[in-house]
There are 2 protein chains.
Amino acid sequence: MRWNEISKMTCSVARSLSVVGDRWTMLILRDAFLGLRRFEDFQNDLGMTRHRLADRLRKLVADGILKRVAYQSRPKRYEYRLTEKGIDLYPVIVSLLKWGDRWMAGAEGVPIELVHRKCGAHITPALTCPHCNDELNARQMMARPGPALLKHRARSKNRGRHDPPISV
Amino acid sequence: MRWNEISKMTCSVARSLSVVGDRWTMLILRDAFLGLRRFEDFQNDLGMTRHRLADRLRKLVADGILKRVAYQSRPKRYEYRLTEKGIDLYPVIVSLLKWGDRWMAGAEGVPIELVHRKCGAHITPALTCPHCNDELNARQMMARPGPALLKHRARSKNRGRHDPPISV
DNA sequence: TTGACTGAGTTCTATTTTGGAACTTAATAT
DNA sequence: ATATTAAGTTCCAAAATAGAACTCAGTCAA
């Protein structure tokens with residue numbers, strides 16, 4: 001199976017990765033969340049080739065995650081800003097950040113700290129249950145097929161090994 | 001810059017991606033969270049080549065995210081299970097799931113629903129501030145350099161454009 | 001009014017990574 | 001003896017990426 005076919009999987013994780021799962025894409029978005037907007041800034045910060053960067057930016061714009069906005073005319077220059085769809089990826093980046101802080105940080109401590117503007121606290125965001133407000137972890141959760149997966153199975157009747165509701 | 005050098009960046013997101021940012025890796029982990037453990041099961045479910053799969057599993061084991069456990073002898077057979085380090089990636093997967101549910105789901109609804117065992121509710125987990133319990137989004141957060149980044153800057157004195165504390 | 005400089009790309013080639021398909025190996029089952 | 005199963009390997013072709021140089025439109029400074 002080719003990578004570009006994963007967008008057709010009946011799985012939200014796969015569909016998300018078809019958009020942000022490419023090499024460099026997530027790091028471009030990290031930079032965007034840190035306030036970078038211009039081609040040269042991304043290129044300087046990431047050290048990726050201009051070629052790849054141009055490609056990735058184009059794809060992110062096509063996918064509605066960044067928008068290309070003129071910031072001057074004569075000469076026309078464009079910068080890249082997060083759309084609402086892009087901003088909504090924040091939890092993904094923060095989760096990666098948090099995991100990296102815990103499992104990949106050296107003796108020097110963490111590279112970046114997050115502050116919640118509203119309450120002013122320096123925090124590490126947590127995944128919680130919006131119903132009971134408990135902090136969540138994988139063992140407390142259970143996955144079950146949703147409507148799209150049920151329809152998909154009814155159509156293709158390839159009922160396989162991990163068909164029933166599954167625990168994590 | 002080559003992709004394998006990103007693990008040296010002073011950034012937890014980059015370091016995390018150096019481990020789980022490869023093509024397929026995150027999907028292997030999704031399957032692991034859904035309960036899959038065996039080579040053949042991963043291969044059947046994902047449709048990736050056995051070659052790549054073997055490679056990725058090896059790397060995930062080397063990185064301490066999966067462990068290779070014998071589940072029978074004669075013939076010796078091994079399965080792959082999440083370690084604590086692997087289980088701790090759950091928020092990353094869930095964040096991707098949630099984003100995909102919101103931005104990539106079709107008219108058929110979502111592929112998978114999550115249930116919180118403890119309270120029994122069907123929920124979509126949210127990122128919250130552990131201090132004030134508010135649900136978080138990017139605009140409410142601010143990033144500032146942590147100890148590792150400050151040391152890194154002091155060493156390399158390449159003080160660049162996005163050096164000061166940055167808002168998202 | 002020529003010559004250097006900027007920012008945002010594009011083009012070219014060489015290298016690395018993937019994908020596809022067939023093959024291996026050890027043990028069991030028929 | 002032969003087929004089957006699970007977990008890989010091997011080999012070749014195709015695709016993606018890295019590195020470096022080049023383009024292009026407009027500005028600035030002498």
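Each chain gets a letter, A, B and so on, in the order its sequence line appears, and its residues count up from 1.
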Practice prompt. Could you tell me whether the side chain of A:W3 and the main chain of A:G21 form a donor-acceptor pair under 3.5 Å?
Written response: no

Discussion item. Could you tell me how far apart A:I28 (CD1) and C:dA8 (P) are, to the nearest whole angstrom?
Written reply: 14 Å

Discussion item. Contact between A:F42 and A:M48 at the side-chain level, heavy atoms closer than 4.5 Å - yes or no?
Written reply: no

Practice prompt. Any chance you could measure B:R77, atom CZ, to B:R38, atom CZ, to the nearest 0.5 Å?
Written response: 9.5 Å

Report, one line per pair, each donor and acceptor closer than 3.5 Å where one atom sits in a side chain of residues 57-64 of chain A; sequence neighbours left out.
from, atom 1, to, atom 2, distance (Å)
A:R58, NH2, A:D55, OD1, 3.1
A:K59, NZ, A:S18, O, 3.1

Worksheet, complete the sentence: Sequence neighbours excluded, the answer for side-chain hydrogen bond (donor to acceptor under 3.5 Å, both in side chains) partners of A:R15 is none

Fill in: side-chain hydrogen bond (donor to acceptor under 3.5 Å, both in side chains) against A:S95, all qualifying residues, sequence neighbours excluded
B:S95

Response to the item:
B:K76 NZ to C:dA27 P, in whole Å, measures 11 Å

Fill in: Position toward the 5' end of DNA chain C (nearest nucleotide), B:R52 or A:Y78
A:Y78

Discussion item. If the cut-off is 4.0 Å, is A:R56 near the phosphate of D:dT17, judged by side-chain N/O to OP1 or OP2?
Written reply: yes

Fill in: Heavy-atom donor-acceptor pair, A:T83 side chain to A:I65 backbone, under 3.5 Å
yes

Worksheet item: Going by the salt bridge (Lys or Arg N to Asp or Glu O under 4.0 Å) test, which pairs reach into residues 100-114 of chain B, not counting sequence neighbours?
Response: A:E84-B:R102, A:D88-B:R102, A:R144-B:E113, A:R155-B:E108

Worksheet item: Hey, can you pull the residues of residues 3-14 of chain A with a non-hydrogen atom under 4.0 angstrom from DNA chain D?
Response: none

Protein-nucleotides 1-5 of chain D N/O pairs under 3.5 Å:
from, atom 1, to, atom 2, distance (Å)
D:dT5, O2, B:R77, NH2, 3.4

Item to complete: Ignoring backbone atoms, test whether A:Y80 places a side-chain nitrogen or oxygen under 4.0 Å from the OP1 or OP2 oxygen of C:dG9.
Response: yes

Practice prompt. Report yes if some heavy atom in the side chain of A:L34 is under 4.5 Å from a heavy atom in the side chain of A:I112; otherwise report no.
Written response: yes

Worksheet item: Which ring pair (Phe, Tyr, Trp, His ring centres under 6.0 Å) pairs, counting each pair once, include a residue from residues 53-79 of chain B, with sequence neighbours left out?
Response: none

Discussion item. Holding to side-chain hydrogen bond (donor to acceptor under 3.5 Å, both in side chains), I want the full list of residues that pass it with A:K76, two or more places apart in sequence or in another chain.
Written reply: none

Worksheet item: How bent is the helix from C:dT1-D:dA30 to C:dT30-D:dA1, comparing axes over its five end pairs at each side, to the nearest 10°?
Response: 0°

Worksheet, complete the sentence: Expected list for residues 65-72 of chain A near DNA chain D, using heavy atoms below 4.0 Å, is none

Discussion item. Please check this pair: side chain of A:K98 against backbone of A:P125, looking for a donor-acceptor N/O pair closer than 3.5 Å.
Written reply: yes

Discussion item. Whole angstroms only, please: what is the CG-C1' distance between B:D22 and C:dT16?
Written reply: 12 Å

Check nucleotides 20-23 of chain D against the protein and report each pair of N or O atoms closer than 3.5 Å, with its distance, or say if there are none.
none

Worksheet item: In whole angstrom, what separates B:M48's CE from D:dT9's P?
Response: 14 Å

Practice prompt. Report the distance from atom CG of B:L27 to atom P of C:dT18, rounded to the nearest whole Å.
Written response: 14 Å

Fill in: Integer-rounded Å distance: D:dA6 P and B:E79 CD
13 Å

Discussion item. Between A:R30 and A:L97 (side chain of the first, backbone of the second, donor and acceptor by atom type, cut-off under 3.5 Å), is there such a pair?
Written reply: no

Worksheet item: Residues two or more places apart in sequence or in another chain: which of them pass side-chain hydrogen bond (donor to acceptor under 3.5 Å, both in side chains) with B:N137?
Response: none

Discussion item. D:dT27, OP1 or OP2 - any side-chain N/O from A:R74 closer than 4.0 Å?
Written reply: yes

Fill in: Atom pair distance, as rounded to whole Å: CE in B:M1 and C1' in C:dT16
17 Å

Worksheet item: What nucleotide, of C:dG7, C:dG19, D:dT9, holds the atom closest to the side chain of A:R2?
Response: C:dG19

Worksheet item: Could you state the CH2-P distance from B:W24 to D:dA16, rounded to the nearest angstrom?
Response: 13 Å

Worksheet item: Would you find a donor on one side and an acceptor on the other, under 3.5 Å apart, between the side chain of A:N44 and the backbone of A:E40?
Response: yes

Worksheet item: Picking from B:L127, B:L136, B:V94, what satisfies side-chain contact (heavy atoms from CB on, under 4.5 Å) with A:P91?
Response: B:L127

Worksheet item: B:F42 near the nucleic acid: base, sugar-phosphate alone, or nothing, with a heavy-atom cut-off under 4.0 Å?
Response: nothing

Practice prompt. Report yes or no: does A:S16 contribute a side-chain atom to a donor-acceptor pair with the main-chain N or O of B:L96 at less than 3.5 Å?
Written response: yes

